[in-house]
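Here the structure is laid out as structure tokens; the discussion comes afterwards.
Just so you know, these numbers use all the heavy atoms, side chains as well, and skip hydrogens, waters and symmetry mates.
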Amino acid sequence: MGNVAVEEKSVLGRFDLQESSSLVALDNRRQWIMRLVLLMSLFTLVLMAVGSATRVMDAGLACPDWPLCFGTLVPQKQMNLQVFLEWFHRLLATSLGGMAIAFAGLSIAWRHALPRWLPYAAASALALVVLQGILGGLTVTELLRFEVVTAHLGTGLLFFCLLVSITVGLVPFQGTGTSRWLRLTAAIATVCVYGQSILGGLVSSQWAVHQCLYGDRLCHVLNSHLLGVAPATLSVLAVVTVAWRSPALAPVLRQLSFSLLLVVAAQIGLGVATFQLKLQVPPLTVAHQLVGATLLGLLVALTTLAGRDRADAAANGAIAP
């Protein structure tokens with residue numbers, strides 16, 4: 001009897017060890033996916049910064065063909081700053097496409113260790129990358145038509161927003177169920193800031209600042225972007241106010257909300273400086289777009305976390321769904 005009991009304990013011990021090892025493996029896969037998507041998010045920010053630099057340096061057609069550049073993978077003979085910017089932008093975009101393929105493949109292969117929604121989100125990200133690649137080619141073949149350039153920016157921002165949402169959806173988080181109004185105001189602010197970013201893309205793709213100041217043309221495009229500052233800023237301030245007045249809000253939600261003040265102040269300052277200097281300082285213009293994308297990413301992260309806060313609290317029975 002004693003030997004039987006010992007054997008049973010030994011079997012149970014091995015079973016518990018195997019189960020524990022399996023859980024660790026599942027958690028490791030989730031961690032690897034989260035790190036990959038976070039890397040893709042940061043990579044996308046860099047890609048957008050290089051794309052903005054390519055635009056303001058008038059290097060969008062520095063490589064006259066696509067997908068190659070002067071018919072080669074690396075145009076050594078023709079290389080200068082403008083060619084490098086366009087070529088490097090394509091290199092980064094291709095690398096990001098490879099990451100998106102890896103993300104989609106791993107999310108399917110490891111689907112049993114991941115949330116059910118992740119493979120669908122990965123497929124959506126891959127579809128956006130494909131669309132972005134097509135639009136990137138059209139910007140060259142259509143000779144920088146402003147509609148295509150603006151669509152290219154809009155799709156890139158959507159892709160970035162999706163990556164941020166996926167990353168935040170995978171991080172550990174404990175909700176308190178007090179973010180109902182924060183979720184709503186953050187979602188509204190996200191739409192306003194995204195719309196303002198598209199208006200900024202229209203101003204950039206049509207050179208509306210120069211056209212308006214020196215030729216009295218396309219002033220309506222420039223003015224629409226200037227007027228769009230008001231709803232975007234007010235909606236962000238509404239998010240901060242709601243977070244400040246929400247009791248028992250999760251600390252990370254409060255911190256993200258208050259960080260918006262610094263980012264929106266920097267964005268307005270960069271916008272004023274860029275306008276006053278008539279886009280003559282390329283680093284300012286690039287920083288303006290980069291900070292704008294960062295602001296959008298923070299709002300998407302806040303909206304996603306606020307949604308998780310409500311969902312987690314409802315699942316735990318703390319509030320009604």
Side-chain angles (χ1 to χ4, degrees), residues 44-63 80-86 88-89 132 135-136 138-140 142-158 160-161 189-237 262-297 299:
T44 304
L45 267 181
V46 175
L47 178 59
M48 287 191 289
V50 175
S52 178
T54 301
R55 180 62 182 160
V56 300
M57 294 297 292
D58 201 19
L61 295 177
C63 293
N80 55 34
L81 178 58
Q82 289 182 312
V83 173
F84 173 78
L85 284 172
E86 173 64 7
F88 189 54
H89 181 64
Q132 187 71 337
L135 290 171
L138 288 174
T139 58
V140 177
E142 295 296 320
L143 303 178
L144 301 180
R145 283 182 56 181
F146 77 89
E147 304 99 323
V148 178
V149 174
T150 305
H152 188 54
L153 171 64
T155 304
L157 288 173
L158 282 178
F160 175 63
C161 289
T190 300
V191 173
C192 290
V193 171
Y194 180 80
Q196 178 67 348
S197 300
I198 297 301
L199 289 174
L202 283 170
V203 171
S204 175
S205 62
Q206 298 184 79
W207 296 97
V209 174
H210 298 86
Q211 296 269 25
C212 181
L213 296 180
Y214 300 113
D216 197 25
R217 297 177 61 248
L218 297 179
C219 290
H220 64 285
V221 176
L222 175 60
N223 290 335
S224 65
H225 183 57
L226 295 177
L227 292 173
V229 173
T233 303
L234 290 175
S235 62
V236 171
L237 293 178
L262 180 62
V263 179
V264 79
Q267 180 68 345
I268 292 174
L270 287 169
V272 171
T274 300
F275 179 75
Q276 292 294 329
L277 294 173
K278 301 177 176 61
L279 277 70
Q280 297 301 312
V281 184
L284 276 180
T285 306
V286 174
H288 184 53
Q289 180 171 341
L290 187 60
V291 173
T294 302
L295 177 62
L296 181 62
L299 286 168

Open item on the list: I need the minimum non-hydrogen distance between Leu135 and Val148, along with the two atoms involved.
Closed with: O-CG1, 3.6 Å
- [ ] State whether the side chain of Thr139 and the backbone N or O of Gly136 hold a donor-acceptor pair below 3.5 Å, judged by distance alone.
- [x] yes
Open item on the list: Would you say that Thr54 contacts Val50 through its side chain, given a criterion of any heavy-atom pair below 4.5 Å between the two side chains?
Closed with: yes
Open item on the list: Tell me every residue that passes salt bridge (Lys or Arg N to Asp or Glu O under 4.0 Å) with Arg145, counting only those two or more places apart in sequence or in another chain.
Closed with: Glu142, Glu147
- [ ] Search all heavy atoms of Leu45 against all heavy atoms of Ala293 and return the closest pair with its distance.
- [x] CD2-CB, 3.8 Å
Task: Atom of Val291, atom of Ala266 and distance for their closest heavy-atom approach - done: CG1-CB, 4.4 Å
Task: Pairwise distance CG(Leu85) to CG(Asp58) - rounded to 0.5 angstrom - done: 11.0 Å
Open item on the list: Which heavy atom of Ala62 sits nearest to which heavy atom of Glu86, and what is that distance?
Closed with: CB-CB, 4.2 Å
Open item on the list: To the closest 0.5 Å, what do you measure between CG (Leu202) and NE2 (His225)?
Closed with: 10.0 Å
Open item on the list: Please report the interatomic distance CG(Leu153) to OG(Ser205), rounded to the nearest 0.5 Å.
Closed with: 8.5 Å
Task: Donor-acceptor pair, side chain of Thr233 and main chain of Ala230, under 3.5 angstrom - done: no
TODO: Decide yes or no for Val140 and Cys63: does some side-chain heavy atom of the first lie under 4.5 Å from some side-chain heavy atom of the second?
DONE: no
TODO: Ignoring hydrogens and angles, tell me if any N or O in the side chain of Ser52 forms a donor-acceptor pair with the backbone of Met48 under 3.5 Å.
DONE: no
Task: Gap between atom CG of Leu279 and atom CZ of Arg55 - 0.5 Å precision - done: 10.5 Å
TODO: Side-chain contact test, heavy atoms from C-beta onward, threshold under 4.5 Å: evaluate it for Leu218 versus Leu222 and give yes or no.
DONE: no
Open item on the list: Rounded to the nearest 0.5 Å, what separates atom CD in Gln211 from atom CD in Gln206?
Closed with: 8.0 Å
Task: Distance, nearest 0.5 Å, that separates CD of Gln280 from OG1 of Thr274 - done: 11.0 Å
Open item on the list: To check you understand the geometry: which heavy-atom pair defines the closest contact between Ala232 and Cys192, and what is its length?
Closed with: CA-CB, 4.0 Å
Task: Within 6.0 angstrom of Asn80 CG, more than 12 heavy atoms from elsewhere - done: yes
- [ ] Determine yes or no for a side-chain-to-main-chain donor-acceptor pair under 3.5 angstrom, with Tyr194 supplying the side chain and Gly154 the backbone.
- [x] yes
Open item on the list: Does anything in residues 201-231 form a disulfide (SG to SG under 2.5 Å)? List the pairs, not counting sequence neighbours.
Closed with: Cys212-Cys219
- [ ] Please answer whether the main-chain N or O of His152 pairs with a side-chain N or O of Gln132 as donor and acceptor at a distance below 3.5 Å.
- [x] yes
Task: Criterion side-chain contact (heavy atoms from CB on, under 4.5 Å) on Val209 and Leu213, from CA distance to verdict - done: CA-CA 6 Å; Val209 174; Leu213 296 180; 3.7 Å; yes
